[in-house]
Amino acid sequence: MKTTLAITPGEGWPPLSEVLEILAFRGGFNTSLVVAGTTLLGLAAGLIGVFALLRKRSLMTDALAHATLPGIGLAFLAATSLGFEGRSLPVLLAGAATSGVLGVLAIQALLRYTRLREDAAIGIVLSVFFGAGVVVLSYVQNPANVRASPAGLNHFIYGQTAALQPYDVAIMGAITLGAILATSLFLKEFALVCFNDAFAKVDGWPVSMIDLLMMALVVVVTVAGLQAVGLILVVAMLIIPPVTARLWTDRLRTLLIIAAIVGAASGYFGSVVSALLPRKPAGSVIVLTSGAIFAVSLVVAPSRGVVAGVIKRARLGLRIAGDHLLEEAHERAASSLSADTVREIARLRGWSAPIARGVCFWLSRAGFARRDSNGGIEVTERGSARGARVSRNHALWEQYLISYADVAPSHVDWSVDQVEHVLSDELIDDLERALAKRGVILPPAGTPT
Amino acid sequence: MSARPTNPTNPTRASAPDATLRDAPPTSALAERPEHSPQSPLAIHAMTVAYDRKPVLWDVDYDAPPNRLIAIVGPNGAGKSTLIKACLGLVPRASGQVEFWGEPYRTARARIGYVPQRESVDWDFPVSALDVVCMGRYRKIGWCRPVSRAHKHVALDCLERVGIRDFAKRQISQLSGGQQQRVFLARALAQEADLYFMDEPFAGVDAATERAIVGVLRDLRDAGKSVIVVHHDLQTVPEYFDDVILLNMRVVASGPVAQVFTTDNLHKTYGGRLTLLSEAAEAIARAEAGGA
Amino acid sequence: MSAFSLSLDLFPLLAAVFAAVSCAVLGNFLVLRRLSLMGDAISHSVLPGLVIAFIITGSRNPLPMFVGAALAGIGTVVLVELIKRLGRVEPGAAMGVVFSVLFALGVLLIEQVTRGVDLDADCVLHGQLESLWWPGAPDTIAGLFTAEALHDIPRQVTTLAITCTAACAFVAIFFKELRIASFDPALATTQGFHAGVMHYALMVLVAGATVASFEAVGSILVIAMLICPAATARLLTDRLSVQVLCSVLIAIVTAVTGYFGASVAPAFFGASSVSAAGMIAVTAGALVATAALFSPRHGLIARVLRRRKLARAVALDDLLANLYRAAESDTGATPAVSTATLPARSRTVIPRAARDGLISVSDGAISLTPKGELAATEIVRRHRLWESYLVERAGLATDHVHEPAERLEHVPIAPPPGPRQDPHGRSIPQEPDSLQ
């Protein structure tokens, strides 16, 4: 067994002109064909994947993709033994689709008739069908068994984008068109079933038929993707673009559009990079491209991204801290807090000096206070009004906890801190009403406790 | 099974030899069925439901009076939600029939509205409150056609009626629990049905929402509709509802709140005397599915 | 035909068995904790870990490879968790994103570093079990136990043997902790067995088993072995300890059957052998299907049979009870009932009842024998006791109790004794013992 290693040095980047040509679909007929094919495929997969994600069937599609392998091998065997050309694409893809669907049915049967859970059922079907595929391929590939050459069957596992023919790209175009058409026609129905299938059923929609249609679209896209990215990675084209798009939007239509764009962009860049650089298998590059878009989105996406989350939490923290200062000022009946007082409060609350400065800055920016030159603050009218309200909320909540829950009064202040700043006006109304019902005397608004 | 002999000491010997062999001979399947009035929005006859062979509902008979607010109450695991789901064909019935205005569910469907339990869906779904309410119009819109402005208008009106029109454009995960429940209610209103089934609409909602829902329920009744609500709060039953079904695997009692909602009946429903019965139900399940 | 040759089959077979056992023993806890697909994800995503370890060390030395794979395995678990939390992504989708991206990275890296080096993407999937043959194998079994023979053991087999021992030892030593951590992670943590630590320890071992099995049997077999034997065992038994032992046994049977199935079975059709790893996976699947159908307790067929048997028992009880009631109302002598008047369900059990001496049949009419009368008394007693229970305690209306009681009377739970009359006013027979 060899243990030596030969890292082949990169052949260097191709000249810029070539890059531009390929990017603009002018890098020769074959290259343009491949780029067009994978772009279309990415678009269709992104679109259809949205429904698989929303129906929580992401990993079911993985099992479906793996389960296509025995079908490919058997279709080849059947075709050659009948005297046809075994490698004809429609035959192979028909076989793939058949065994993929059988795999999905096997999962459903395992779930229905045994005590196994979904994860185990998916894992069993995925590995066993793929194992069967490996067996069939190893049989077919032995010249002693089958005379016709099975060259190319292997490509369905990892995909071979370069082998795309004009005919294949035409099929992909048709599939993409079909996916767009089906999505725009049945968007309403798909959304209804994905969101609330029980309601859809009561409302009279044929839920299992709509489900079947969605599954059929997934099967078609998966099978079409086998050639381009291979059956192991095709699931990525169905999952990653929708998951990425979900980070950016809360609207279904926008979600579909973004998923389609992310899918198409990954397909496009993936095949371009693969065409430009040696030994960059298109399937992997496509998946890595979409993975990179996902990673970036996870960090920077508005509202759902990590950065947005950090900022949101920091803002809330500042607001709560600022409220504490205002409340303090209100309770001391003071219109300003000196630098020493601010430091003292900061020490009690456990804020570091930069946080204390940040809080003062936030208060002045929000117009609740003015900062004086030596680090103290002067509370504005708005600020003192807010201080009064926070203080009252605090008292209300304390009263509520004392009257209703069996919370020891010594713990009350501790839980109040988290709550008093986020109480909605509606909830405060309810609180007041509940307390009044109990005969608790409420602190009048605007007076210190 | 109301046609069983009433004179217990001397079981009648009917002429059919088969029937003589039973303790309580049913004379014939047809004669046995109680006459449900055609106006009755919901008639359940001898319905039994089993999950995985374990009986959850036994031999339920119920005839809903029209134009009422009806509460289904009972302890946890009493089969309250199951009763609704079985009526709507969401869980298979082991036996029995359900009729709406004398028709089977299939033909009466257009007149039935449904509010599922709030936890039954993923509230992170990428739709707005308005989108969800529009789903109640889909049946009227039909296949493939987009939601027209007129339908959106209806949906907005429904949101208005539950008091959250201002939140129409909000994504549903950004709504509070009470607001989410109101969205579901608005969707049911958008269905413009004559009979509504609501599964725990008051569960985990704030007081404002509770008031809003009660208001809507009363409006529905005043408009001549019937509403059947799975309810968990016994205290509010007399205040909110006209009729009540006390359920614990079977109908313990049903009828107007004033007559049926008695301490004695509640004791029968919640009293914990059914341990042996549920134990027996479990044993049946074990015998029929596994064990024994 | 010589089915087994030391030279060709010994090492591949050992490798397959060791790989199968190490995966199966760990897989039990994946299946129980509904983490089967985590095993799937890990076995896909250790690939870049392997390749990077290979790039850094420049060798296929097992230790760095193992470290690389284990890190990739833990990385997968951590990444899935992170994406789930940070992006509010559904667990399945999060797993799909992580493993497909990592696998793609692995494939890309392989293409970069290995031209002509035997770390290729195909062998990652289905392994090279067959390449482990032993050129210098001794001719006899005795020849195995020599120093030279030990020296000849291929690295993969040694690694797998060590992994297998480690996995079995881990499960044996921490069985109690694994059980509680799988059943109730929170409780485990409060009891001092940190569930998170157990979780990661399990994941490291899964990654280890994956990487050790990789070159010999391929990743697809790893997934099959992680899930299938444990799932089969789960269909056969309800006890965790028995399940683990069963899964090991099943794994061994699967590996051996699959291995020989790959070389022997095709020969019957005049074909040459097929992929052993693939065949083992198929065998594993066949065993799951067999267990799903034939498991004595949870199998489909057993359930159908049990239901049918119960229906027959119920029909028999009903027949006897009906005869009893006929006798009850016909004061005096035991009447004979014409079989033609019986419902079809009851008629089917007449031969059995006659065989058991419970009834006597003459001229198309049947009547209870003394033995049958005893049995019938008991059934009717139970039925009526249940009826009065339902009326008095469960608050059912008198006209609603017959059908529930019909079902309850066959249940092996004694109805609460006491009343002497049923709600319809009929007398309830006393226990047969007290009758005599």
Side-chain angles (χ1 to χ4, degrees), chain A residues 1-8 53 56 58-59 62 110 113-120 122-124 126-139 142 144-145 154 157-158 232-233 235-236 239-240 242-243 246-247 279-281 283-288 291 294 298 304 306 309, chain C residues 31 34-37 39-40 44 54-55 58-60 83 86-90 92-93 95-97 100-101 103-105 107-108 111-113 115-118 121-122 125-126 220-221 223-224 226-228 231 234-235 262 266 271-272 274-275 277-282 284-285 288 292 298 300:
Chain A
M1 209 146 287
K2 271 183 297 225
T3 51
T4 50
L5 163 74
I7 296 184
T8 346
L53 176 75
K56 311 225 178 322
S58 301
L59 287 178
D62 192 26
L110 280 175
Y113 296 115
T114 74
R115 44 150 63 178
L116 298 175
R117 308 285 179 180
E118 191 176 28
D119 62 315
I122 289 179
I124 289 169
L126 183 150
S127 57
V128 171
F129 271 68
F130 193 82
V134 169
V135 168
V136 176
L137 283 197
S138 69
Y139 175 83
N142 194 327
N145 298 330
N154 258 343
I157 298 181
Y158 288 106
I232 298 178
L233 290 179
V235 63
I239 297 182
I240 300 179
V243 171
R246 190 68 190 84
L247 295 169
R279 292 202 317 282
K280 298 278 181 293
S284 302
V285 183
I286 291 171
V287 175
L288 286 172
F294 170 76
L298 186 64
R304 282 191 175 229
V306 175
Chain C
V31 169
R34 307 192 190 168
L35 283 172
S36 311
L37 292 172
D40 175 20
H44 276 91
F54 181 61
I55 292 174
S59 75
R60 300 186 57 161
I83 290 179
L86 293 180
R88 283 187 278 164
V89 175
E90 179 222 337
M95 244 181 245
V97 170
S100 58
V101 169
F103 191 77
L105 182 68
V107 172
L108 193 72
E111 289 287 322
Q112 306 316 300
V113 297
R115 186 164 264 181
V117 177
D118 51 351
D122 272 347
L125 285 178
H126 33 87
I220 206 62
L221 184 54
I223 302 171
L226 277 173
I227 306 174
C228 293
R234 175 129 177 74
L235 293 174
S272 64
V274 294
S275 158
M279 204 61 184
I280 295 175
V282 172
V288 175
H298 301 288
L300 199 59

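Below, chain A is the first sequence line, B the second, and so on; all start at residue 1.
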Would you give me the side-chain donor-acceptor pairs under 3.5 Å for residues 129-138 of chain A, sequence neighbours excluded?
residue: Ser138(A); atom: OG; partner: Val134(A); partner atom: O; Å: 3.3
residue: Ser138(A); atom: OG; partner: Val135(A); partner atom: O; Å: 2.8
residue: Ser138(A); atom: OG; partner: Ser275(C); partner atom: N; Å: 2.7

- Task: With a 4.5 Å cut-off on heavy-atom pairs, point out which of Leu300(C), Val89(C), Leu108(C) contacts chain A the most.
- Result: Leu108(C)
For each of [options], tally heavy-atom pairs with chain C at distances under 4.5 Å, and name the one with the top tally.
options: Gly309(A), Pro281(A), Pro242(A); answer: Pro281(A)
options: Leu110(A), Val306(A), Leu53(A), Val128(A); answer: Val128(A)
options: Ser284(A), Gly123(A), Gly291(A); answer: Ser284(A)
options: Asp62(A), Leu233(A), Ile122(A); answer: Leu233(A)

Can you tell me how far apart [atom1] ([X]) and [atom2] ([Y]) are? Round to the nearest 0.5 Å.
X: Arg117(A); Y: Ser36(C); atom1: CZ; atom2: OG; answer: 11.0 Å
X: Leu59(A); Y: Glu90(C); atom1: CG; atom2: CD; answer: 7.5 Å
X: Glu111(C); Y: Tyr158(A); atom1: CD; atom2: OH; answer: 9.5 Å
X: Leu247(A); Y: Leu86(C); atom1: CG; atom2: CG; answer: 10.0 Å
X: Asp119(A); Y: Leu35(C); atom1: CG; atom2: CG; answer: 7.5 Å

Answer yes or no: is there a side-chain heavy-atom contact under 4.5 Å between [X] and [Y]?
X: Ser127(A); Y: Ile227(C); value: no
X: Ser100(C); Y: Ile240(A); value: yes
X: Thr114(A); Y: Arg234(C); value: no

- Message: Test side chain to side chain contact (heavy atoms under 4.5 Å, CB included) on Val287(A) and Phe103(C); report intermediate values, then the result.
- Response: CA-CA 9 Å; Val287(A) 175; Phe103(C) 191 77; over 6 Å; no
- Task: Sort Phe294(A) into side chain, backbone, both or neither according to what part of it lies under 4.5 angstrom from a heavy atom of chain C.
- Result: side chain
- After noting the C-alpha distance and the side-chain angles of Leu37(C) and Glu118(A), does the key distance pass the side chain to side chain contact (heavy atoms under 4.5 Å, CB included) rule? CA-CA 9 Å; Leu37(C) 292 172; Glu118(A) 191 176 28; over 6 Å; no
- Any residue meeting side-chain hydrogen bond (donor to acceptor under 3.5 Å, both in side chains) with Arg88(C), in chain and number order, not counting sequence neighbours: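 Testing Arg88(C) for side-chain hydrogen bond (donor to acceptor under 3.5 Å, both in side chains), a comparison that skips the adjacent residues, returns none.
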- Query: So with a 6.0 Å cut-off around CZ of Arg115(A), is the heavy-atom count from everything else above 12?
  - Reply: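 Yes, CZ of Arg115(A) has more than 12 neighbouring heavy atoms, counting only those of other groups under 6.0 Å.
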- Would you mind checking which part of Ala277(C) comes under 4.5 Å of any heavy atom in chain A, side chain (CB onward), backbone (N, CA, C, O), both or neither?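 Neither the backbone nor the side chain of Ala277(C) comes within 4.5 Å of chain A.
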- Message: Testing the basics here: between Gly96(C) and Ile239(A), what is the closest heavy-atom pair and its distance to 0.1 Å?
- Response: CA-CD1, 3.9 Å
